[in-house]
Amino acid sequence: MRWNTTFIPTLKEDPADAEVISHRLLVRAGMIRQVSRGIYDYLPLALKVIRKIENIVRQEMDRAGAQELLLPIASPAELWQESGRWEVYGKELFRFKDRHERDFCLGPTHEEVITDLVRRVVRSYREIPFNLYQIQIKFRDEVRPRFGLMRGREFIMKDAYSFHADMEDCRREYEKMFQTYKRIFTRCGLNFRPVEADTGAIGGTLSHEFQVLADSGEDALVSCNSCDYAANVMKGEIKAQRLSGRNLKESSPPLKKVATPGKKSVAEVAEFLSLPTAKFIKTLVYKVDQKELVAVLVRGDHEVNALKLKLALNCQEASLADEARVDETTHVVPGFLGPIGLGLRIVADQAIQGIRGAVTGANEENFHYLEVDQERDFTPSAFADLRMAMAGDPCPRCDHGALESYRGIEVGQIFYLGKKYSEAMGATYLDAEGREQPLEMGCYGIGITRLLAAAVEQNHDANGIIWPFSIAPFHVLLLPVQYKEKAIREVADSLYEELLKRGLEVLMDDRDERPGVKFKDADLIGIPLRITIGAKGLGKGCVEMRRRREGQTEEVPVGEAANKIHLFVTEALKV
RNA sequence: CGGGGCGUAGCGCAGCCUGGUAGCGCGCACGCUUGGGGUGCGUGAGGUCACCGGUUCAAAUCCGGUCGCCCCGACCA
């Protein structure tokens, strides 16, 4: 392709509305433009990368025996009402009415649609298993779209759904997809890690996320420094605590009430009393399912995991109650709350069980209790794992490992769904004994456009993007320093033709621009291999071959250039 | 949903406080110049100052409202 006739509107300056690096570079490189919040145009260069990613995904999904299909973007409310998600999904589900006033939504994911298709077709165990996937635009009306392509409202996704007779077969497919995903992300040239994950709005009981490691990532992760345990913090398990042999004879010193004027947060009180935050019991009031207030206790240095809390309380929704509400019910200013004498139902994290010598609010403004002894002073209605995993925690899977924390961008997630959708929507088959059984299901997603952004987050330098070869928009950029000059043009043209003939993807910068402009743009758009053709090299009968990533330059005789470039690209694509 | 910020030429910004009819850099067009990391000089085109309303002789500027976009938060008592 010749630059003169392409549509690659590069920008010298960072766009004012872009914050994260991938967003800035993708806009500057002329790859994306924003249309509305969380909605973008994909320009030709970006589309080339998207197609590359899609093709890798297709090849690997097909190799794993899955089949591609295409489901509609809009689906009728009835399907979502059947699964119960019309009510549950909330505002993220973009709803609208057609001209006949019938309710529809834009698909944020397609379990309902595919289950509906499959239930109308599958009758017998002989017709399963199979795995169907599509690559398509999804729409989720995110609370807060941000970071360019990383969290958009409209995005491209590969989603796959598999159907099985029993759990064993479904688990087998899950494992196959796990391996397939590893191949896909490896081929895309990403540094990633699979982690155990929560199943969120999709549902099911087993799930892994594939996280591209990046400090700018939205997800907090933990992994063991000794075994291969890794999880999203939302899912991260806490090693069950052994109650260290508590000496029952030894009695605790009596409760002591101390003045802590104006000190509300654990950090403030801890500093005021010169005590470590681990000695504190935090008392948080949650509103459960829009009605009951429940007090949740965690250690001062721990954080409540709302997800685990919901599980423990077996409720739909649990969020911090607002101050006014807390005040009205307990007559205590938040900040001085404590479990002793609090007129609310109490649930406590397991780390609170048996705690002694602790500090809590005294349920009286400007006072805290010291020497709190859980067994003596208060009894929660339940103890459970309610907190977020964090760095330094002992590994829940092995004996001596400790957890480390890092951040990631979730580019893929796989779920074992079980019978959640098949039972709700009556997707069944007849087994060999003629009995009707609900189908077992799995589902498997990859965020294609988010993967594109993640690749940039992980592969760039001060000058621009550095595409991994496998997903680069072009393999080679030919850069004739002065295309106008006959000698240079002739070499550039013949090299261009020769490389195309060999099946390489080549972009030729035939613009009549200053060399500096061309070099800057070349770095910005990040084609992995750049061939400079200029008077300097031609004087020696050479062109220059430069790798974008390493910056390493090599002079190659004109006659050998095509061969050498071809060989280099072939090698680079082998990985 | 709460808080903060922004909206002036294609892009990045100044002007607004202290009202007097719009400016800089880049880009764009043309000419000369230059020609291996965003050349230099000159000439020129390009703006309902987001929108609606108000105050005023006069509004980009002051006041009220609306819309759009960005950032932070929406969980730590």
Side-chain angles (χ1 to χ4, degrees), chain A residues 9-20 23-24 27-28 30 33-39 90-91 143-148 233-234 260 262-270 277 280-287 295-310 317-323 325-327 330 332-339 342 349 359-363 365 368 386-388 462-464 479-485 488 509 511-524 530 532-539 543-544 546 551 553:
Chain A
T10 60
L11 257 29
K12 249 184 194 179
E13 293 178 86
D14 278 338
D17 56 4
E19 190 73 13
V20 293
H23 189 190
R24 292 206 301 253
V27 173
R28 281 193 56 206
R33 286 291 172 93
Q34 181 164 353
V35 177
S36 177
R37 74 208 289 229
I39 300 177
K91 290 188 175 168
V143 208
R144 194 179 153 209
R146 64 191 134 173
F147 306 149
V233 286
M234 298 305 273
T260 49
K263 311 291 179 194
K264 299 178 87 172
S265 71
V266 167
E268 284 166 1
V269 185
T277 52
F280 284 69
I281 298 171
K282 268 197 290 207
T283 306
L284 310 172
V285 178
Y286 275 79
K287 190 160 73 178
V296 179
L297 309 183
V298 292
R299 230 168 63 184
D301 56 334
H302 290 159
E303 289 185 16
V304 171
N305 182 330
L307 226 53
K308 290 181 177 177
L309 180 63
K310 275 192 263 184
E317 203 189 330
S319 57
L320 270 192
D322 53 80
E323 289 209 8
R325 187 74 194 284
V326 175
D327 202 8
T330 65
V332 179
V333 187
F336 302 99
L337 287 167
L342 185 68
D349 182 65
V359 183
T360 74
N363 292 324
E365 193 161 358
H368 278 77
L386 298 179
R387 74 174 176 94
M388 212 86 89
N463 296 314
L479 196 156
V481 178
Q482 291 93 21
Y483 190 70
K484 281 198 294 200
E485 287 185 20
I488 292 174
D509 191 350
R511 294 176 300 172
D512 182 19
E513 285 289 351
R514 305 266 319 170
V517 173
K518 294 187 174 193
F519 287 129
K520 288 290 184 192
D521 274 347
D523 285 348
L524 183 59
R530 183 184 90 192
T532 308
I533 303 133
K536 210 194 258 179
L538 289 186
V543 296
E544 282 165 33
R546 180 186 161 99
T553 306

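Every chain is numbered from 1 and lettered A, B, ... according to where its sequence line falls, protein lines coming before strand lines.
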Point to revise | Gap in Å between the two P atoms, one belonging to B:U48 and one to B:U8, rounded | key: 12 Å

Exercise for review: Figure out the CG/P separation between A:Asp512 and B:G36, and round it to whole Å.
Suggested key: 13 Å

Review point. Whole Å only: how far is the NZ atom of A:Lys484 from the C1' atom of B:U33?
Key: 11 Å

Check your understanding: Going from CG on A:Leu479 to CG on A:Asp509, what distance comes out if it is rounded to the nearest 0.5 angstrom?
Key -> 5.0 Å

**Study point:** Spacing between A:Glu13 atom CD and B:A14 atom C1', to the nearest angstrom
**Key:** 14 Å

Practice item. In whole angstrom, give me the gap between the C1' atoms of B:G46 and B:G53. Key: 30 Å

Exercise for review: Check every strand shown and say whether A:Arg530 touches a base, only sugar-phosphate, or nothing at a heavy-atom separation below 4.0 Å.
Suggested key: base

Check your understanding: Between atom CG in A:Asp523 and atom P in B:G37, what is the gap in whole Å?
Key -> 12 Å

Review point. Taking the same atom, P, in B:U66 and in B:G3, what whole-Å distance lies between them?
Key: 13 Å

Point to revise | Spacing of A:Lys12 atom NZ and A:Arg28 atom CZ [to the nearest 0.5 Å] | key: 10.5 Å

Revision key, fill the gap. Sorted by position of nearest nucleotide on RNA chain B, 5' first, the leading residue of A:Pro15 and A:Lys12 is A:Pro15

Review point. For B:G73, which nucleotide is its Watson-Crick or G-U wobble mate, given both distances must be under 3.5 Å?
Key: B:C1

Review point. When you compare B:G38 with B:G27, how far apart are their C1' atoms, in angstrom units rounded to a whole number?
Key: 11 Å

Study note, to complete from the structure: Distance col, row A:Lys282:NZ vs A:Arg299:CZ, nearest 0.5 angstrom, shows 11.0 Å

**Study point:** Spatial distance of atom CZ (A:Arg514) from atom CD (A:Gln482) [nearest 0.5 Å]
**Key:** 9.0 Å

Check your understanding: Taking atom P in both B:G68 and B:C75, what distance in whole Å separates the two?
Key -> 25 Å

Check your understanding: Does B:A22 pair with anything, Watson-Crick or G-U wobble, both distances under 3.5 Å, and if so, with which nucleotide?
Key -> none

**Study point:** Interatomic distance where CD belongs to A:Glu544 and P belongs to B:G37 [whole Å]
**Key:** 11 Å

Review point. OP1 or OP2 of B:U39 less than 4.0 angstrom from a side-chain nitrogen or oxygen of A:Arg514, does that happen here?
Key: yes

Point to revise | Euclidean distance, A:Thr360 OG1 relative to A:Ile281 CD1, rounded to 0.5 Å | key: 6.0 Å

Exercise for review: Verify the contact: side-chain N or O of A:Lys518 to OP1 or OP2 of B:G37, cut-off strictly under 4.0 Å; return yes or no.
Suggested key: no

Review point. If you check the A:Lys520 side chain, which of B:G25, B:U34, B:G37 turns out closest?
Key: B:G37

Review point. How far, in whole Å, is B:A22 from B:C49 if one measures between their P atoms?
Key: 11 Å

Exercise for review: Can you tell me, in whole Å, how much space there is between the C1' of B:U56 and that of B:A9?
Suggested key: 29 Å

Point to revise | Residue matched to B:G36 through Watson-Crick or wobble contacts both under 3.5 angstrom | key: none

Point to revise | From A:Arg511 atom CZ to A:Asp521 atom CG, the distance as rounded to the nearest 0.5 Å | key: 4.5 Å

**Study point:** Under 3.5 Å: donor-acceptor pair, side chain of A:Lys263, backbone of A:Glu268
**Key:** no

Check your understanding: With rounding to whole Å, what would you report as the distance between B:C67 and B:C52 at their C1' atoms?
Key -> 10 Å

Review point. Between A:Lys484 and A:Asp512, is the closest basic N to carboxylate O distance under 4.0 Å?
Key: yes

Study note, to complete from the structure: If pairing means Watson-Crick or G-U wobble with both distances under 3.5 Å, then the partner of B:C6 is B:G68

Review point. What is the distance, rounded to the nearest whole Å, between atom CD1 of A:Ile488 and atom C1' of B:G35?
Key: 10 Å

Study note, to complete from the structure: Nucleotide by nucleotide, nucleotides 66-77 of chain B touches protein heavy atoms under 4.0 Å in the pattern (B base, S sugar-phosphate only, - none) ---SSSBBBBBB

Review point. Is A:Glu513 side chain donor-acceptor paired with the B:G38 base, going by distance under 3.5 Å alone?
Key: no

Practice item. Answer with base, sugar-phosphate or nothing: what part of the nucleic acid does A:Gly300 contact at a heavy-atom distance below 4.0 Å? Key: nothing

Review point. Counting only distance, no hydrogens or angles, is the base of B:G12 paired donor-acceptor with the side chain of A:Asp14 under 3.5 Å?
Key: no

Exercise for review: Write down the distance between NZ (A:Lys287) and C1' (B:C1), rounded to a whole number of angstrom.
Suggested key: 13 Å

**Study point:** Main-chain N/O of A:Leu297 paired to A:Asp349 side chain as donor or acceptor, under 3.5 Å
**Key:** no

Review point. What nucleic acid atoms does A:Ala535 come within less than 4.0 Å of, heavy atoms only: base, sugar-phosphate, or nothing?
Key: base

